[in-house]
Amino acid sequence: MAQCEVCGNEYDMAFEVRTQGGTHVFDSFECAIHRLAPICEHCGCKIVGHGVQVGPRFYCCAHCAQASGVQPGVSERLVDRV
């Protein structure tokens, strides 16, 4: 059995996630999100959906990006998909 790197639970159905050159072991999607999801630069929430990336910074939505002072350029728009 593998051990979850977040909660320490040993679980026979644990799974691996390979990302950015590393391998991580989790017992649930909740633990995987807790460890791997980016955090919104404005409000601090975990970004589980698509979010908005501006350079190296991540935002959960266009509103948070704009509230942080990000202005869309000529070739991009900061909009949420609804």
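- In the hydrophobic clustering of ILVMFWY residues, with side-chain heavy atoms under 4.5 Å counting as a link, I47 and I33 come out apart.
- Nearest heavy atoms, V25 versus A2: CG1-CB, 3.8 Å.
- Counting heavy atoms from C-beta outward, T19 and L36 have side chains that approach closer than 4.5 Å.
- The only member of C64, C40, C61 that meets side chain to side chain contact (heavy atoms under 4.5 Å, CB included) when paired with C45 is C40.
- Relative ring orientation between F29 and F15 is described as tilted, the plane-to-plane angle lying within the 30° to 60° band.
- Once rounded to the nearest 0.5 Å, the distance linking CZ of F58 with CD of Q53 reads 3.5 Å.
- Taking the ring centroids of F26 and Y11, they lie at or beyond the 6.0 Å cut-off.
- Rounding to the nearest 0.5 Å gives a distance of 11.5 Å between CE of M1 and CG of D27.
- To the nearest 0.5 Å, atom CZ of residue R57 and atom CD1 of residue I39 are 15.5 Å apart.
- Between R18 atom CZ and H24 atom NE2 the span is 11.0 Å, to the nearest 0.5 Å.
- In this structure, the side chain of K46 engages the main chain of H34 through a donor-acceptor pair within 3.5 Å.
- Nearest heavy atoms, C60 versus C43: SG-SG, 3.8 Å.
- With hydrophobic clusters built from ILVMFWY side chains whose heavy atoms lie under 4.5 angstrom apart, V70 shares a cluster with V52.
- Q3 contributes no side-chain N or O that, together with a main-chain N or O of N9, makes up a donor-acceptor pair within less than 3.5 Å.
- A distance of 8.5 Å separates CD of E30 from SG of C7, quoted to the nearest 0.5 Å.
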